[in-house]
Amino acid sequence: MTERGARATGIESELDQVRVRCRKVDEYRAAGIEPYDGPVYSRDEAARLVAEFDTREGSAVRVAGRIRALRFHGKVAFADLWDESGRIQLLVGVDRVGEQAYHWWQTLDLGDIVMAQGKLVKTRRGEVSVEVENFRLLAKALRPLPDKWAGLREVELRYRYRYLDLLVNPDVRRTFVVRSQILQAIRDFLTARGYLEVETPILHPLAGGANARPFVTYHNALGMPLFLRVAPELYLKRLLVGGFEKVFEIGKNFRNEGIDTRHNPEFTSLEVYEAYGDAASMMRLTEEMVAFVARRTLGTEVISFQGQEIRLTPPWERMTMRQAVARVAGVPVEQLNTDEGLDELFGAHGLKSEKQGYGHRLVELFETLVEPHLVQPVFITEYPVEVSPLAKRMRDDPRFTDRFEPYVAGQEIGNGFSELNDPVDQRQRFEAQEEARRKGDEEAHRMDEDFIRALEYGMPPAGGLGIGIDRLVMLLTDSPSIRDVLLFPQLRPET
RNA sequence: GAGCCGGUAGCUCAGCAGGUAGAGCAGCGGACUUUUAAUCCGCGGGUCGAGGGUUCGAGUCCCUCUCGGCUCACCA
């Protein structure tokens, strides 16, 4: 098997195309040509040369990039060279480069990365081209690229070999450029308003701040288990205790859960905290930030997601969870205030409640009845205290917390609330979570004594906000699956 | 975890009712000094996801497994 592959590269392949390319590497080296040459410190952008032809006609230029098409015509040849900016045609004639160089040129394959310099000209057919005087091979491609026209369609291959996906599917590249711009816009928006970007630990002795099962790892020197964080929340609030008043963190969280079109085991969140703020101030921040980001990256606040037109212009609608359920179910809001009222609704919609307790059951009704209908941006407010162990209670109704979730296109894209800063109440909430854990809820919060101690020193009242960056990118790039906005989504190992 | 769909040449895809596996592009050889998915002539290339079964004979039918997609469940 090895015998049939190339000696120089050691790549074992039965594929004749690979064998041929490997053999060329050996031949290049035998002839004193380095097939992985470089660097090229100064070069012209392909697309720019094409755009600026009128002012640069006839001048000496140098380009570097990947050969994506080759057209041979006897003693003259054409090639499409692509760099990140775009495409330019190379014109290679034997009378200009000489017999020997032309021979080497003919050994190039699709996918090879080359440097070429020469004169900027227009061909007989009017195409801006580099009339090559000399060239260098910078990287021999040993494997054939996916077909230029059919592209790379098979989804599994696109995720597994994302570099090929990026190479042949232009929309994919665009999505990740926009993703980068979104992150930049968020940082610009927040830092311009005086928020400080911070980094808190990813390895936690206790995974807190969200209801989720963590990944476990182990620190050898400390001799202790550590958890990959499920949320940065509890560390960021310690910073409020420490006197920072406006902070944010953008980073990865890790949750040991299933994978589907909206969940990846590692995902990126933005969390923002503002001392002396509350849920209302964070809602204003959310709608302004999302609209700003859309404007900056897409040039508009009106976007299209899976065929639906969505207006991100503030202010967004605000609706309590009870109002939302009442409206969709067509019942008076008061009915949502009692267990009996909830029973009636479950019955009326042929649903069977799987959870116990008023708060959990209200949320259950909300998620099944209301969520899919929330197309235009809306803040759902007043979440039951049972599902909100870190949020401050409403002063006039302690069953609920001063919490909100922004919904756009039927998806929750974030979560925010007035932060609970009463250490005694916080301890009771953790105890309730521990109780739920004892009853089998593996995702309930753990008692975090160190966090409570921090609160006991006094944390200013504060508003907090979390945004699922991947969900936001999906929304702004019209991507139906989270895998479309992650460069390397989690997959099972290749078999 | 359940249901449905898919995995055939490097890529994109055909393959009927079970009868020795096909196309386009890519590749290899040849012709060609201005092409634009160049053209023309010739040629090679397959563990049909893996394993088992039925059959004289399986890409095709049956079973198991595997990878992926979608939906549901799970996921505040």
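Proteins come first, then strands; the chains are lettered A, B, ... in the order of their sequence lines, and each starts at number 1.
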field: Pairwise C1' distance, B:C62 and B:G45 [rounded to whole Å]
entry: 32 Å
message: Nearest to the side chain of A:Val94, heavy atoms from C-beta on, is which of B:U33, B:C70, B:C28?
response: B:U33
- prompt: Which part of the nucleic acid does A:Arg403 contact within heavy-atom distance under 4.0 Å: base, sugar-phosphate only, or nothing?
  reply: base
- line: A:His263 NE2 to B:A73 P, in whole Å, measures 12 Å
query: How would you list, by chain and number, every residue that makes a side-chain hydrogen bond (donor to acceptor under 3.5 Å, both in side chains) with A:Gln100, sequence neighbours excluded?
result: none
- request: Write down the distance separating the C1' atoms in B:C56 and B:G69, rounded off to the nearest Å.
  value: 39 Å
task: Search all heavy atoms of A:Leu491 against all heavy atoms of A:Tyr159 and return the closest pair with its distance.
output: CD1-CB, 3.7 Å
Span that lies between the P atom of B:G30 and that of B:C70, in whole angstrom: 47 Å
Using nucleotides 39-46 of chain B, report all nitrogen or oxygen pairs with the protein that are shorter than 3.5 Å.
residue, atom, partner, partner atom, Å
B:G44, N2, A:Asp16, OD2, 3.1

side-chain contact (heavy atoms from CB on, under 4.5 Å) partners for A:Arg438, two or more places apart: A:Glu434, A:Glu435
task: Whole angstrom is fine here: how far is it from CG in A:Asp147 over to P in B:G27?
output: 10 Å
Same-atom distance (P) from B:G18 to B:G57, integer angstrom: 15 Å
Nearest-nucleotide 5' precedence on RNA chain B, A:Pro493 against A:His360: A:Pro493
- line: By salt bridge (Lys or Arg N to Asp or Glu O under 4.0 Å), A:Glu249 pairs with (sequence neighbours left out) A:Arg229
- request: Using a cut-off of 6.0 Å, state whether more than 12 heavy atoms not belonging to A:Arg437 lie near its atom CZ.
  value: yes
message: Is there a side-chain contact between A:Lys24 and the phosphate of B:C28, meaning an N or O under 4.0 Å from OP1 or OP2?
response: yes
Rounded distance in Å - CG (A:Asp260) to C1' (B:C72): 10 Å
Listed nucleotide nearest any side-chain atom of A:Val76, set B:U33, B:A37, B:U36: B:U33
- request: Identify the nucleotide, in any strand shown, that forms a Watson-Crick or G-U wobble pair with B:C65, with both distances under 3.5 Å; if there is none, say none.
  value: B:G49
message: In whole Å, measure the gap between the P atoms of B:G59 and B:G19 for me.
response: 10 Å
message: Holding to salt bridge (Lys or Arg N to Asp or Glu O under 4.0 Å), I want the full list of residues that pass it with A:Arg255, two or more places apart in sequence or in another chain.
response: none
message: Can you check the distance between B:C75 and B:U12, where both ends of the measurement are the C1' atom (answer in whole Å)?
response: 37 Å
statement: Residues at least two apart in sequence or cross-chain that pass side-chain contact (heavy atoms from CB on, under 4.5 Å) with A:Arg399, listed by chain then number, are A:Arg322, A:Asn337, A:Tyr358, A:Asp397
query: How about A:Asn253 and A:Glu266: does a side-chain donor come under 3.5 Å of a side-chain acceptor?
result: no
- request: Using a cut-off of strictly less than 4.0 Å, decide whether A:Thr261 has a side-chain nitrogen or oxygen near OP1 or OP2 of B:C70.
  value: no
- request: Report the distance from atom CZ of A:Arg19 to atom C1' of B:G10, rounded to the nearest whole Å.
  value: 13 Å
task: Send over the distance from A:Trp149 CH2 to B:U12 P, rounded to a whole Å.
output: 16 Å
message: Output the rounded distance in Å from CD (A:Gln411) to P (B:C75).
response: 18 Å
message: Under 4.0 Å between a side-chain nitrogen and a carboxylate oxygen: does that hold for A:Asp80 and A:Arg71?
response: yes
- request: Tell which nucleotide pairs with B:U12, taking only Watson-Crick or G-U wobble pairs whose two distances are both under 3.5 angstrom.
  value: B:A23
- prompt: Taking only residues two or more places apart in sequence or in another chain, which ones pass salt bridge (Lys or Arg N to Asp or Glu O under 4.0 Å) with A:Arg262?
  reply: none
field: Distance, P atom - from B:C48 to B:G42, rounded to whole angstrom
entry: 30 Å
query: So, is A:Arg492 close to the B:G68 phosphate, meaning a side-chain N or O under 4.0 Å from OP1 or OP2?
result: yes
statement: Under a 4.0 Å heavy-atom cutoff, the residues of residues 97-110 of chain A touching RNA chain B are A:Asp109, A:Leu110
- line: When A:Arg213 and A:Gln490 are each assigned the nearest nucleotide of RNA chain B, the 5'-most assignment goes to A:Gln490
message: Heavy atoms within less than 4.0 Å of RNA chain B: which residues of residues 154-165 of chain A have one? Give them sorted by number.
response: A:Glu154, A:Val155, A:Glu156, A:Leu157, A:Tyr159, A:Arg160
task: Using distance alone, with no hydrogens and no angle criterion, decide if A:Asp484 and A:Ser479 have a side-chain donor and acceptor under 3.5 Å apart.
output: no
task: Please identify each residue that fulfils side-chain hydrogen bond (donor to acceptor under 3.5 Å, both in side chains) with A:Gln433, with sequence neighbours left out.
output: A:His445
side-chain contact (heavy atoms from CB on, under 4.5 Å) against A:Val94, all qualifying residues, sequence neighbours excluded: A:Lys75, A:Glu99, A:Tyr102
- request: For residues 363-384 of chain A, pull every pair meeting ring-ring contact (aromatic ring centres under 6.0 Å, His included), keeping only residues two or more places apart or in separate chains.
  value: A:Trp316-A:Phe379, A:Phe366-A:Tyr407, A:Phe379-A:Phe404
message: Can you tell me the base-pairing partner of B:A38? Count Watson-Crick or G-U wobble geometry only, both distances below 3.5 Å, and say none if there is no partner.
response: none
query: Given the P atoms of B:C13 and B:A2, what is the spacing between them in whole Å?
result: 29 Å
message: Tell me whether the side-chain N/O atoms of A:Arg153 come closer than 4.0 Å to OP1 or OP2 in B:C13.
response: yes
statement: pair_partner(B:U33), Watson-Crick or wobble, both distances < 3.5 Å, evaluates to none
query: Is there a Watson-Crick or G-U wobble partner for B:A2 with both distances under 3.5 Å, and if so, which one is it?
result: B:U71
Whole angstrom value for the distance that separates C1' of B:A31 from NZ of A:Lys75: 10 Å
task: Please state whether the phosphate of B:U33, meaning OP1 or OP2, lies under 4.0 angstrom from any side-chain nitrogen or oxygen of A:Arg71.
output: no
- prompt: Could you state the CD1-P distance from A:Ile259 to B:G1, rounded to the nearest angstrom?
  reply: 12 Å
